[in-house]
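Accompanying notes for the structure given below.
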Amino acid sequence: MSSEPFTLRWGILATGGIAKTFTKDLLIDPSTRAVHDVRHEVVAAGSSSAASRAQDFLTSLNAPSSAKAYGSYKELVEDDNVDIIYVATPHSHHYQHARLALEAGKHVLIEKPVTVNVAQFKILQDIAREKKRFMMEAVWTRFFPLSREVVQFIRDGKLGEIKRVWADFSFWNDVEKEFGTSHRMTSPSLAGGALLDLGIYSLTWVFMALYNPLSPITPSAVSLVTKFPPTGVDEQTSVLLDFSGAHAIATTSIRVASTPNAAHNAQDDIRIQGTLGDLTVNYAPRPKSYTLTPASSASRGTPAEFGYETKTFDDGPGGGHGMFWEADECARCVRDGEMESGVCGWRESEVCLGVMDGVRVGGGVGYPEGVEGVEYPLDL
Ligand SMILES: NC(=O)C1=CN([C@@H]2O[C@H](COP(=O)(O)OP(=O)(O)OC[C@H]3O[C@@H](n4cnc5c(N)ncnc54)[C@H](OP(=O)(O)O)[C@@H]3O)[C@@H](O)[C@H]2O)C=CC1
Ligand SMILES: O=C1OC[C@@H](O)[C@H](O)[C@H]1O
């Protein structure tokens, strides 16, 4: 194998909040996180508003001066120097924009949730397969070294048999003041609501603990949904899942927060309970530490092989946000000719999305036809 790192050339589709954070991470030297086999180049950004907005975006991030700024997403996806498109538009637009990129022959990393519903995601899978392009949902949490270690610990059986998982990710609380009714968090036209934006992290931890791609289980779920009265999106959702006898409770809210006050240490919002003990994680989207608590052998039989311990990780080496771990995965998959990641595969994204579809429909949260539909292209 060549000792030169593989370079993945990125085109950034949209110039909002997360596009900035992600692109900043792409520009960090991978050796600061001890990664030497892949690297990233930001070669272009596209804005639906104006080329000048894309240029301001690139300039503000100190992107290379050679990076191109486009005033439309179509021009961006047609740039021959771009290998992969990062789709960072609101949920409502993921299907349309990911499809635009795939149809143009690009690999895609699509912000979470990958699409608004399973029907849309299945079509993207067909196109990615036909075009032989890599596609992944940007569930960045899965790629933190901490998360990889936790999943391995569970799959190695060190926690025993997993019986129950609790997972919460809740954020904000003054919804009226923070968002009003037209923000992407609250607008049905942008597929807003707590579940698709935040609850997906709670479900991600449930899936990391209980869904093994090698012996997959499609869980059954029951749920409670409270709607945000002015727009009808969900403001608080709780889901109870059954994975063949193992239970999970996944909660999310935009009325109360997992970390209500930054001045005080947050509690661990993820709790994974096995027959040999518990593993708790702080904090759902950007995990910083995990704690192991062995069950007492007197009460559970075989003793755990681990002691009580809290292990803390650097969640942003090189001064980053931690989004580069998922970018590194994309680079390795593209380099190796893979269409999907083994860490965040299509089937798992689809099963998780299927749970969210059921919860939303059951809770009476619907979005406009153009947002839920599969018609393409659509001028949203
Ligand atoms: N992984 C993570 O930690 C996070 C992920 N996210 C995800 O990223 C996505 C975007 O969120 P965020 O960056 O916060 O959103 P922003 O509102 O900050 O940015 C969205 C961008 O999308 C483009 N856009 C295209 N069409 C529309 C439209 N109709 N309405 C609004 N914007 C539009 C705009 O860019 P332009 O004008 O340049 O085309 C806009 O700046 C969501 O899917 C969200 O779930 C968000 C926050 C954190
Ligand atoms: O992915 C996310 O994580 C952090 C939240 O602030 C944001 O709304 C959400 O999209």
Side-chain angles (χ1 to χ4, degrees), residues 11-25 44-58 60-61 69-77 85-98 100 108-116 136-144 168-173 175 178-179 182-204 233 252-254 257-259 262 269 283-287 315-316 320-327 344 353 356 367-368 370-371 378-380:
I12 311 299
L13 190 151
T15 58
I18 205 59
K20 239 179 210 154
T21 305
F22 180 78
T23 306
K24 250 190 226 169
D25 270 20
S47 170
S48 58
S49 322
S52 59
R53 185 171 156 105
Q55 187 56 63
D56 290 348
F57 171 86
L58 291 166
S60 71
L61 295 171
Y70 294 109
S72 76
Y73 297 155
K74 188 165 185 301
E75 288 171 279
L76 172 75
V77 302
I85 295 288
Y86 171 57
V87 176
T89 48
H91 310 156
S92 48
H93 292 59
H94 291 179
Y95 168 68
Q96 296 288 330
H97 295 150
L100 183 76
V108 279
L109 173 65
I110 310 165
E111 257 311 331
K112 30 67 54 180
V114 67
T115 51
V116 163
M136 190 176 89
E137 179 178 32
V139 192
W140 62 310
T141 307
R142 288 179 173 274
F143 299 94
F144 279 68
D168 178 59
F169 185 43
S170 301
F171 212 81
W172 320 105
N173 52 29
V175 184
E178 297 273 3
F179 307 126
S182 56
H183 190 273
R184 72 170 185 84
M185 291 294 295
T186 47
S187 166
S189 307
L190 297 176
L195 179 67
L196 293 197
D197 195 63
L198 307 177
I200 190 169
Y201 288 103
S202 315
L203 288 168
T204 291
V233 303
T252 188
S253 176
I254 50 176
S258 308
T259 307
D269 303 310
Y283 116 110
R286 190 175 183 224
D315 59 356
H321 196 62
M323 304 197 85
F324 35 55
W325 303 117
E326 66 179 349
C344 186
L353 193 54
M356 295 198 289
Y367 301 128
V371 170
L378 198 66
D379 189 16
L380 285 168

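Counting convention: from 1, in listed order, for ligands and their atoms alike. Residues take their numbers from the sequence shown, with the count starting at 1. Note that the coordinates shown come from a computational prediction; the quantities given were computed from them, not determined experimentally.
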*Determine, using heavy atoms of F22 and all atoms of ligand 1, whether some pair is separated by less than 4.0 Å.*
no
_Within the 3.5 Å criterion, strictly below it, is a donor on E75 or S72 matched to an acceptor on the partner's side chain?_
yes
_If I take atom CE from residue M323 and atom OG1 from residue T21, how far apart are they, to the nearest 0.5 angstrom?_
7.0 Å
*Taking only residues two or more places apart in sequence or in another chain, which ones pass side-chain hydrogen bond (donor to acceptor under 3.5 Å, both in side chains) with S253?*
Q236
*Value rounded to 0.5 Å, distance of CG in L13 from NZ in K74*: 13.0 Å
*Look at ligand 1 and say whether H94 reaches it with a heavy atom at a distance under 4.0 Å.*
yes
*Which of the atoms of ligand 1 are close to T15, meaning less than 4.0 Å from one of its heavy atoms?*
35 (O), 36 (P), 38 (O), 41 (O)
_For atom 47 (C) of ligand 1, tell me which residue out of H91, R184, R53 has the closest non-hydrogen atom._
R184
*With a 3.5 Å cut-off and no angle check, do the side chains of D168 and S258 form a donor-acceptor pair?*
yes
_S49: numbered ligand 1 atoms lying under 4.0 Å from its heavy atoms_ = 36 (P), 37 (O)
*Run down the list T141, V139, T89 and name the one with the heavy atom closest to atom 42 (C) of ligand 1.*
T89
*Sequence neighbours excluded, which residues qualify as side-chain contact (heavy atoms from CB on, under 4.5 Å) partners of F171?*
F169, L198, Y283
*Could you list which atoms of ligand 1 come closer than 4.0 Å to a heavy atom of D197?*
44 (C), 45 (O)
_Side chain, backbone, both or neither: which applies to K112 and ligand 1 if a contact is any heavy-atom pair less than 4.0 Å apart?_
both
_Numbered atoms and elements of ligand 1 in range of W140, under 4.0 angstrom, heavy atoms_ = 1 (N), 2 (C), 3 (O)
_List ligand 2 atoms under 4.0 Å from F171, heavy atoms only on the residue side._
6 (O)
*Mark up the atoms of ligand 1 that fall under 4.0 Å of a heavy atom belonging to Y73, in ascending order.*
23 (C), 24 (N), 25 (C), 35 (O), 36 (P), 39 (O)
*For ligand 1, note which part of T21 has a heavy atom under 4.0 Å away: side chain, backbone, both or neither.*
neither
*Quick one: does M136's side chain get under 4.5 Å of I110's, heavy atoms only?*
no
_Protein heavy atom at shortest distance from atom 1 (O) of ligand 2_ = Y201 OH, 2.6 Å
*So which protein heavy atom does atom 5 (C) of ligand 2 come closest to, and at what separation?*
L198 CD2, 3.9 Å
*So which heavy atom in the protein is nearest atom 10 (O) of ligand 2, and how far is it from that ligand atom?*
D197 OD1, 2.8 Å
_Checking the N or O distance criterion of under 3.5 Å, is ligand 1 in contact with H97?_
no
*May I ask you to list the atoms of ligand 2 that are less than 4.0 angstrom from any heavy atom of K112?*
1 (O), 2 (C), 9 (C), 10 (O)
_For ligand 1 and A14, I'd like to know whether there is a polar contact (N/O to N/O, distance under 3.5 Å)._
no
_Within-4.5 Å side-chain heavy-atom neighbours: T15 and K20_ = no
*Counting only heavy atoms, which portion of R286 has something under 4.0 Å from ligand 2: side chain, backbone, both, or neither?*
neither
*asked:* For ligand 2 and R184, I'd like to know whether there is a polar contact (N/O to N/O, distance under 3.5 Å).
replied: yes
*Does ligand 1 have a heavy atom under 4.0 Å from the side chain of F57, from its backbone, from both, or from neither?*
neither
_Part of Y201 within contact of ligand 1 (heavy atoms, under 4.0 Å)_ = side chain
_Beyond-backbone contact of R53 with D56, side-chain heavy atoms, under 4.5 angstrom_ = no
*Quick one: are V116 and Y95 in side-chain contact, heavy atoms under 4.5 Å?*
no
*asked:* Aromatic contact between W140 and F324, with the criterion being ring centroids under 6.0 Å apart: yes or no?
replied: no
*Working to the nearest 0.5 Å, report the span between CG of L76 and CD1 of I85.*
4.0 Å
*asked:* Just to be sure I read this right, does ligand 1 sit under 4.0 Å from the backbone of A88, its side chain, both, or neither, counting only heavy atoms?
replied: backbone
*If hydrogens are left out, which of V87, L198, I18 has an atom nearest to atom 13 (O) of ligand 1, that is, the closest non-hydrogen atom?*
I18
*Look at the rings of H91 and H94 and say which category their plane angle falls in: under 30° parallel, 30 to 60° tilted, over 60° perpendicular.*
perpendicular
_Distance alone, cut at 3.5 Å: any donor-acceptor contact between the side chains of H97 and T89?_
yes
*Please tell me if the side chains of F57 and T23 come closer than 4.5 Å, counting only heavy atoms from C-beta onward.*
yes
*Distance (rounded to the nearest 0.5 Å) between Y201 OH and T141 OG1*: 5.0 Å
_Taking a cutoff of less than 4.0 Å between a non-hydrogen atom of the residue and any ligand atom, is M323 in contact with ligand 1?_
yes
*In terms of atom number and element, which parts of ligand 1 are under 4.0 angstrom from non-hydrogen atoms of S48?*
25 (C), 36 (P), 37 (O), 38 (O), 39 (O)
*What part of L190, side chain, backbone, both or neither, has a heavy atom within less than 4.0 angstrom of ligand 1?*
side chain
*Strictly under 4.0 Å, does any heavy atom of P285 approach an atom of ligand 1?*
no
